[in-house]
Amino acid sequence: MSALSAKAASSAVELARKGVARSRHVRDGWEFAIRGLLGCTALISIAITVGIIAILLRETVAFIQLPEIELTDFLFGTTWSPLLGAEKHFGIWPLICGTFLVSVVAAITAIPLGLITAIYMSEYATARKRAILKPIIEILAGVPTVVYGFFALLVITPALQGACNFLFGAPIFSGYNAGAAGIAVGIMILPIVASLSEDAMQSVPRSLREGAYALGSTKFDVSVKVVTPAALSGIMASCFLAITRAIGETMVVALAAGGLAHMTLNPADQVQTMTAYMVQIFLGDAPAFGVENLSSYAVAMVLFLVTLLLSIIGNILLNRFREVYE
Amino acid sequence: MSGISLRAKRIVKNRAFLALCLLSTSATILILALLIASIMAQGSHFLFNSDALGAVFAHGELSQLTKIIRWDFLTNFASRFPEKAGIYAAVIGSMWVCAICALLALPLGIGTAIYLEEFAPKNRWTALIDFNIRNLAGVPSIVYGILGLTAFTRMFGLFGSDKNSALSFGPDNAWWHIQFPFGQGLLAGGLTLMLVVLPIVIISSREALRAVPSSLRQASLAIGATQWQTASKITLPAAIPSILTGAILAMSRAMGEAAPLLVLGIPVFIANTPDNLNDNFTVLPFQIFNWAGRPQESFHQLAASAIVVLLIVLICFNGVAVYLRQKLRKPLA
């Protein structure tokens, strides 16, 4: 037994003695109170969820009930122009399209890079190299999102424009564009993919690897054909959770993606995401009460539902993975 | 013969994959280097005094050493004129709001974690709470901003509007002045950030508690200690280094958040530091967002300088977290 558990045992003996000295009744009452108090703190998380849903639902219903809004137009419309005086349209799809475009660019940036980094850290790297790499990934994870926004707007966009100027003789990418924002969001979610996938690969039992090596596999065979499939649900969970973050990311797209909501899948164009629209409204581009303000709650509702769905899928996958190996 | 060539092919494949791994890993490192280099390049103008730098490094005048850093940038308030602008209000606001957030989020988060790990029966309800917390961690921070706006800034409209409150205590300039609803004050900001980091604190604290070997708990319970005595005197002390590490990382998340506070409507320009919990404030990430969004080059440089300060603060946070993890963690069982 280690020194600590010996210490634990001795202090427990002391506690037990105190417990005997005090009336058992008082002790039970105290225990009950603490238990109730801690249980209440646990209920706060439920209250937060209920609060979010109640507020969003109330305002969304108020939005839909406005005379100028039609539910079918909101759910299926392809024009989003809430600030254009007489020609107001509230069709959510341009915002969803913008969010989708940025998230896809982010996923294309982050998932291959993150997965290969995870395989390298889990299977190839020596302990020393891991000890250097892991903190670097953690630093990337700790950088505030507004910094990635700055990076997207003032480094990635000029770099993309410069590259296109060199290759095609024209900048192609506009000053605000979905591509640069997507790449920056991709860098932001890369640590999530890399570290969660690496965790998943690390918890694949050694025996599987040893079995494969015994059959003459190379490291490539082991990591790609044995470890990756065995950790697949964990890896997929990491991707889902990372994409959830990408969809909900706000500051990067508010700075670098632009403010024009339209249906496009061209990463060189400017787009508006759901979060960027909310920023536009809450920064005070619209009157505090009115149709524009209410519309941001409806957009928030859609955003909340989409991220909730993805996060639930991610967590179910993660649970399934944990059940198999832990 | 064919066996040998197959083997050679697999070895080549392995080598090629290793090269790919090294390539992508170095790309990751390169990205971080590029990020830091570009920010330093843009940010140096407002952080360092080029004359003093030249004097110290070219002529060896050590008396100029303290003038290398342009302290004005740290002690001035924001301004329309880039040369006069500083981040004092934002730094103080960030510190206040983070402190409030920590005071609220840590007891609640650690309490929840203790309940779920040490007390809660394993039934459908606790599974629901667990599932709920995991999904709350995925909710975008801007959505928490909306909850904060309604519940704290406006308080559901119960006490009048946030500009014209119906219920307040104490004179306006007293440090203990408090009003309902909280408006755009520190308390509303701290509470909103608490919502954002609470799931993170709970999840990391639970993992820390789970890592404590159950033999310690069993020893304690077997001698007759109650569950709370076991949790508070045995499990919690053993888990506290990892809990603190998680807490610090959660606080650095709070330090970098701008979106939820932006929803509350906090101001960008502010010419005083907060006097009380209801006073207006601004935070560093929001100041950076505002400067970076302007068209002028010199405001971009200001944003980069502020980013350098923010990153230094966060690196200090992380340094403390790493130190705690390395030094305080004792081998258990």
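Labels below follow one simple rule: chain letters A, B, ... track the order of the sequence lines, proteins then strands, and each chain is numbered from 1. Only this structure's heavy atoms are used, side chains among them; waters, hydrogens and symmetry mates stay out.
- Using cut-offs of 30° and 60° for the angle between ring planes, the A/Tyr124 and B/Phe17 rings count as tilted.
- Once rounded to the nearest 0.5 Å, the distance linking CD of B/Glu118 with CG of A/Leu38 reads 10.0 Å.
- Only the side chain of B/Leu311 has a heavy atom closer than 4.5 Å to any heavy atom of chain A.
- Residue B/Leu35 touches chain A through both its backbone and its side chain, counting heavy-atom pairs closer than 4.5 Å.
- B/Thr226 touches chain A through backbone and side chain together, each having a heavy atom under 4.5 Å away.
- In this structure, OG1 on B/Thr235 lies 10.0 Å from CD on B/Gln227, to the nearest 0.5 angstrom.
- When heavy atoms are compared at a cutoff of 4.5 Å, B/Gln42 approaches chain A solely by way of its side chain, counted from C-beta outward.
- Contact count versus chain A (heavy atoms, under 4.5 Å) is highest, among B/Ile31, B/Leu310, B/Asn132, for B/Asn132.
- Taking CD1 from B/Ile234 and CG from B/Leu216, the interatomic distance works out to 7.0 Å, rounded to the nearest 0.5 Å.
- Here the CZ-OG1 distance, from B/Arg10 to A/Thr218, works out to 5.5 Å after rounding to the nearest 0.5 Å.
- No option in A/Thr49, A/Leu56, A/Val50 other than A/Thr49 meets the side chain to side chain contact (heavy atoms under 4.5 Å, CB included) test with A/Ile53.
- For B/Ala304, the parts sitting under 4.5 Å from any heavy atom of chain A are the backbone and the side chain alike.
- Of the atoms belonging to B/Leu34, heavy atoms from both backbone and side chain fall under 4.5 Å from chain A.
- Atoms CG and CD1, on B/Leu302 and B/Ile307 in that order, are 11.0 Å from each other to the nearest 0.5 Å.
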Between B/Asn290 and B/Arg294, does a side chain to side chain donor-acceptor pair (under 3.5 Å) hold up when you go through it step by step?
-> CA-CA 7 Å; B/Asn290 185 273; B/Arg294 284 160 184 262; 3.1 Å; yes
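- Ranked by heavy-atom pairs shorter than 4.5 Å toward chain A, the options B/Thr28, B/Asn135, B/Leu195 are led by B/Asn135.
- Only the side chain of B/Phe156 comes within contact range of chain A, with heavy atoms under 4.5 Å apart.
- Of the two parts of B/Asn318, neither the backbone nor the side chain holds a non-hydrogen atom closer than 4.5 Å to a non-hydrogen atom of chain A.
- The distance from atom CD1 of A/Ile247 to atom OG1 of A/Thr99, rounded to the nearest 0.5 Å, is 7.5 Å.
- In this structure, chain A has a heavy atom under 4.5 Å from the side chain of B/Leu149, while its backbone stays farther away.
- Ranked by heavy-atom pairs under 4.5 Å with chain A, the list B/Ile29, B/Val143, B/Thr25 is led by B/Thr25.
- Proximity to chain A (any heavy atom under 4.5 Å) is restricted, for B/Leu198, to the side chain, taken from C-beta onward.
- Of the listed residues B/Pro285, B/Ala16, B/Ala303, B/Ser24, the one with more heavy-atom pairs under 4.5 angstrom with chain A than any other is B/Ser24.
- In this structure, the portions of B/Leu108 lying under 4.5 Å from any heavy atom of chain A include both its backbone and its side chain.
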